[in-house]
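Scroll down for the structure; my scribbles are underneath it.
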Amino acid sequence: MLDRWLQSIGKAQFVWNFDLFKNCSMMNCSHIECRKELIGRRVSHTEGSAARRCGSAKRVFENNQQCEALAIISKSRVPKNVKQQAIRLLKIECKTNN
């Protein structure tokens, strides 16, 4: 399921919007606020795509798979800056030495 969720979110978008997804999964913002924020950041252009990204990201965090997701992204074929940020987040959020 994690691969499907990451595909729905977009690996780069998961990394660049990690804090938003994390905060919204912890109920610090609503699903509607998450969607509006993604549209405002021009990550998603429609309500539907923003809703899919927010919903999938919430499931990643609810299932406590954010560290696994970051590890997958850090080893994926993504732009170097995305990979580097995923590694930084792994070190901070997951206390790893990757």
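- No chain of hydrophobic side-chain contacts below 4.5 Å, direct or via other Ile, Leu, Val, Met, Phe, Trp or Tyr residues, connects I39 to L20.
- Taking CD of Q13 as the start and CZ of R41 as the end, the distance is 9.5 Å to the nearest 0.5 Å.
- Shown here is K36, whose NZ atom has no more than 12 heavy atoms of other residues, nucleotides or ligands within 6.0 Å.
- Of the inter-residue distances, the one linking Q66 atom CD with N64 atom CG reads 5.0 Å to the nearest 0.5 angstrom.
- Considering all non-hydrogen atoms of both residues, C29 and E33 come closest at CA-OE1, 3.0 Å.
- Note on residues 58-92: pairs passing disulfide (SG to SG under 2.5 Å), not counting sequence neighbours, are C67-C94.
- Between F61 and N23 there is no side-chain heavy-atom pair separated by less than 4.5 Å.
- Taking each heavy atom of S76 and K11 in turn, the nearest pair found is OG-NZ, 3.2 Å.
- At least one side-chain heavy atom of I9 sits less than 4.5 Å from a side-chain heavy atom of V60.
- At least one side-chain heavy atom of F18 sits less than 4.5 Å from a side-chain heavy atom of E93.
- We find the CG-CG distance between D19 and N28 to be 11.5 Å, quoted to the nearest 0.5 Å.
- For S8, the side chain to side chain contact (heavy atoms under 4.5 Å, CB included) partners at least two apart in sequence or on another chain are R52, S56.
- Hydrophobic clustering keeps M26 apart from L89 (ILVMFWY residues linked when any side-chain heavy atoms are closer than 4.5 Å, directly or through intermediates).
- Atoms CZ and OG, on R35 and S30 in that order, are 8.0 Å from each other to the nearest 0.5 Å.
- Each of I32 and M27 belongs to its own hydrophobic cluster when Ile, Leu, Val, Met, Phe, Trp and Tyr are linked at side-chain heavy-atom distances under 4.5 angstrom.
- No hydrogens or angles considered: a donor-acceptor pair under 3.5 Å links the side chains of R88 and Q85.
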Would you check, one step at a time, whether the test side-chain contact (heavy atoms from CB on, under 4.5 Å) holds for L38 with F21? CA-CA 10 Å; L38 288 181; F21 295 140; 4.0 Å; yes
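- As summarised for C24 and C34, their two SG atoms remain at a distance no smaller than 2.5 angstrom, missing the threshold.
- Under the 4.5 Å side-chain contact rule for hydrophobic residues, V43 and I73 share a cluster.
- Within 6.0 Å of CD on Q7 lie no more than 12 heavy atoms contributed by other residues, nucleotides or ligands.
- Considering every non-hydrogen atom in both H31 and C54, the closest pair reads CE1-CB, 3.5 Å.
- Note that CD of E68 and CG of L2 are 5.0 Å apart. Values are rounded to the nearest 0.5 Å.
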